[in-house]
Amino acid sequence: MLELQRIRENKDYVIERLAVKNFDAAPLVEKIVELDQDRRAKQKELDDLLAQSNQLAKEIGQYFKSGEKEKAEATKKETVVLKEKSKSLSEELDRIVAELDAALIELPNLPHASVASGKGEDDNEIVFSEGEIPTLGADAIPHWELAEKYQIIDFNLGSKVTGAGFPFYRGKGARLQRALINFFLDEALQAGYLEYQPPLLINEASGYGTGQIPDKEGQMYYVGVDKLYLIPTAEVPITNIYRNVMLKEEDFPIKNVAYSNCFRREAGSYGKDVRGLNRLHQFDKVEIVQIQHPDKSYDTLEEMKAHVAGLLRKLELPFRILRLCGGDISFTSALTFDFEVYSAAQKRWLEVSSVSNFESYQSNRMKLRYKDKDSKTHLAHTLNGSALALPRVVAALLENNQTEKGILIPKALQSYTGFEYID
RNA sequence: GGAGAGAUGGCAGAGUGGUCGAAUGCGGCGGUCUUGAAAACCGUUGAUCUUCACGGAUCCGGGGGUUCGAAUCCCUCUCUCUCCGCCA
């Protein structure tokens with residue numbers, strides 16, 4: 001959520017920037033500014049009343065001590081009026097604050113200056129691309145057929161046991177998964193990240209902290225009896241480690257990495273987009289999260305981009321980087337780069353990573369702050385990125401590397417898989 | 001799942017109805033001393049909202065209540081610990 005002070009002081013700028021996200025912020029901003037003024041006025045009024053009550057209470061205490069019972073009783077009567085007034089005033093104040101909070105939550109994060117306006121994914125800007133797009137023989141087949149041919153992923157079995165979008169990985173398929181996870185984790189460790197194994201279920205407060213709740217809780221699986229959500233990404237537990245935390249300036253940068261299963265309901269998805277590994281309800285992902293000083297968060301974003309690019313390079317996958325336009329960038333993000341790999345048999349680009357700077361948007365929700373050298377309190381910046389999400393990487397590896405001898409495992413991965421070919 | 005105990009400032013730990021935002025110790029910061037450091041001694045040291053400022057308000061796990069007045073009493077939730085049960 002945006003800082004109130006920022007909205008108050010840069011009303012027009014906020015409205016202007018949010019237009020880039022195709023969000024008409026004007027009515028909401030006006031409402032927020034009004035509610036804020038109202039809140040402060042009411043707060044002052046209430047504070048004055050409470051100050052009077054406190055004063056009287058002190059006096060009553062004195063009277064009792066000195067044995068002046070009548071005076072005490074008389075003063076008590078005075079407080080009754082004050083109490084009624086302050087009670088109704090504080091109820092009114094609660095209403096205003098609730099309304100203000102609700103309005104603030106509806107306001108998306110401001111897009112970074114480099115974010116262009118645009119309608120949707122077609123308007124994203126390709127800022128980088130690398131690698132040759134492989135040309136496959138006429139007998140090349142998509143990964144779901146390869147999965148069946150080599151019996152490494154069983155989608156039907158998943159449907160039987162759970163439902164669509166929950167595949168079984170089997171034999172060398174399962175070992176490939178394990179190899180990729182270890183490879184990604186090791187690479188992150190080498191880059192200075194601290195490894196975590198997070199809980200896969202989170203409470204409501206955590207969902208709120210990173211922005212899944214309210215609004216997007218429909219995308220998460222919910223365990224009603226225990227009021228817990230299955231995580232859609234390790235970002236949620238890992239970032240929420242720092243909910244209500246006061247850091248010191250020298251703690252920056254905090255670099256965490258976590259492998260986790262991710263669970264997404266993906267309500268409303270259908271068609272060829274969800275074929276095979278393209279979109280699953282449960283998948284594996286290694287996520288990197290950084291907490292950084294506001295002055296350095298964009299350098300950090302570049303560092304994270306470079307890390308992700310390095311992974312794809314080592315896997316020898318052709319990839320491109322997109323800067324998301326206003327219409328495609330998420331509600332909570334200020335700047336997002338998507339990484340896409342080319343899946344040669346499907347002849348399409350698949351998103352395998354999304355690297356974002358949330359600036360102070362999540363921090364403000366979570367009260368993630370730090371003290372500077374003058375022990376002034378500020379909000380930290382949060383960033384995260386997939387490094388990487390497995391299924392589409394696997395899809396591209398299978399399709400691009402299909403040969404007559406089988407699926408060729410990239411060199412960098414062979415020490416992890418223990419085999420050279422899936423055959 | 002059952003029974004009991006507890007949650008106080010960065011940490012440890014006092015406080016069971018009124019000058020308690022909270023003793024004391026440790027840690028942190030500043031100073032005296034010292035060539036420098038340590039030790040010792042002196043001082044200082046929470047957050048949020050509001051105000052130009054003085055000041056005011058709120059916060060002792062979360063929420064609610066009793067009272068003129070709550071860290072302190074009551075209800076409720078969460079979490080931690082101990083014992084029993086179950087169990088990878």
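Here is the naming used below: chain letters follow the sequence lines, and residue numbers restart at 1 for every chain.
Defined by atom type and a distance below 3.5 Å, a donor-acceptor pair is missing between the side-chain atoms of Gln190(A) and Asp186(A).
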Which atoms of nucleotides 16-19 of chain B (N or O only) lie under 3.5 Å from a protein N or O atom, and what are those distances?
| unit_1 | atom_1 | unit_2 | atom_2 | d |
| --- | --- | --- | --- | --- |
| rG18(B) | N2 | Ala57(A) | O | 2.9 |
| rU19(B) | O4 | Gln62(A) | NE2 | 2.9 |

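The C1' atoms of rA39(B) and rG31(B) are separated by 16 Å, rounded to the nearest whole Å. For the P atoms, the distance from rA47(B) to rA23(B) is 15 Å, rounded to whole Å. Atom C1' of rG64(B) sits at a distance of 14 Å from the matching atom of rA70(B), rounded to the whole Å. Comparing rU34(B) with rG56(B), their C1' atoms are spaced 47 Å from each other, to the whole Å. When the P atom is used for both rC75(B) and rA5(B), the distance is 12 Å, rounded to whole Å. Between the C1' atoms of rG10(B) and rC29(B), the separation comes to 13 Å (whole Å). On the P atoms, rG18(B) is 32 Å away from rU78(B), given to the nearest whole Å. Taking atom C1' in both rG27(B) and rC11(B), one finds a spacing of 7 Å when rounded to whole Å.
We find the CD-CG distance between Glu302(A) and Asn357(A) to be 10.5 Å, quoted to the nearest 0.5 Å. Rounded to the nearest 0.5 Å, atoms CD1 (Ile152(A)) and NZ (Lys172(A)) are 10.0 Å apart.
Note: NZ (Lys83(A)) to C1' (rA70(B)) measures 12 Å, nearest angstrom. In this structure, the CG atom of Leu50(A) is 16 Å from the P atom of rU50(B), given to the nearest Å. One interatomic measurement links the two molecules: NZ of Lys44(A) to C1' of rG56(B), which rounds to 7 Å at whole-angstrom precision. Taking atom CG on Asp38(A) and atom C1' on rC49(B), their separation rounds to 16 Å, with Å as the unit. Whole-Å rounding puts the Leu4(A) CG to rU50(B) C1' distance at 13 Å. Whole-Å rounding puts the Ile96(A) CD1 to rC49(B) P distance at 18 Å. Rounded to whole Å, the distance from CG on Asn244(A) to P on rU78(B) is 19 Å. Atom pair Glu249(A):CD and rG28(B):P shows a separation of 20 Å (rounding to whole Å applied).
Taking every heavy atom of both residues into account, Glu399(A) and Gln346(A) meet most closely at OE1-N, 2.9 Å.
In a base pair of the Watson-Crick type (N1 to N3 plus N6-O4 or O6-N4) or a G-U wobble (N1-O2 and O6-N3), with each distance short of 3.5 Å, rC26(B) is matched with rG10(B). A 3.5 Å limit on both hydrogen-bonding distances identifies no Watson-Crick or G-U partner for rA38(B). Across all strands shown, rA53(B) forms no Watson-Crick or G-U wobble pair with both distances under 3.5 Å. For rC60(B), there is no paired base (Watson-Crick or G-U wobble, both distances below 3.5 Å). rG1(B) is paired with rC84(B) under the criterion used here, namely a Watson-Crick or G-U wobble arrangement in which both key atom distances are under 3.5 Å. Look at rU66(B): it lacks any Watson-Crick or wobble partner with both distances under 3.5 angstrom. Nucleotide rG21(B) forms a pair with no other nucleotide shown, judged by Watson-Crick or G-U wobble geometry with both contacts under 3.5 Å.
Lys371(A) comes within 4.0 angstrom of sugar-phosphate atoms only, judged by non-hydrogen atoms across all strands, and of no base. Contact annotation for Ser53(A): no contact, since no heavy-atom pair falls under 4.0 Å across all strands. Contacts of Asn54(A) with the nucleic acid, taken as non-hydrogen atoms under 4.0 Å apart, involve only primed sugar atoms and P, OP1 or OP2.
Comparing Thr377(A) and Lys76(A) by the nucleotide of RNA chain B whose heavy atom lies nearest to each, the residue mapping closer to the 5' end is Thr377(A). Nearest-nucleotide mapping onto RNA chain B: of Val80(A) and Asp94(A), the residue sitting toward the 5' end is Asp94(A).
Contact annotation: Arg369(A) side-chain N/O to rA47(B) OP1/OP2 distance is not under 4.0 Å. Using a 4.0 Å cut-off, no side-chain N or O of Arg39(A) falls inside it from OP1 or OP2 of rC49(B).
The number of heavy-atom neighbours closer than 6.0 Å to CD of Glu91(A), taken from other residues, nucleotides and ligands shown, is above 12.
For Lys285(A) (side chain) and Ala258(A) (main-chain N/O), no donor-acceptor pair under 3.5 Å exists by modelled atom type.
Closest to the side chain of Arg8(A), out of rC68(B), rG56(B), rU50(B), is rU50(B).
The pair Lys11(A)-Glu30(A) meets the salt-bridge criterion, since a charged nitrogen lies less than 4.0 angstrom from a carboxylate oxygen. Residues Lys42(A) and Glu45(A) are not paired through a salt bridge, judged by the lack of any N-O separation under 4.0 Å between the basic side chain and the carboxylate.
With sequence neighbours left out, the side-chain contact (heavy atoms from CB on, under 4.5 Å) criterion links Pro253(A) to Lys255(A), Gln290(A), Gln292(A).
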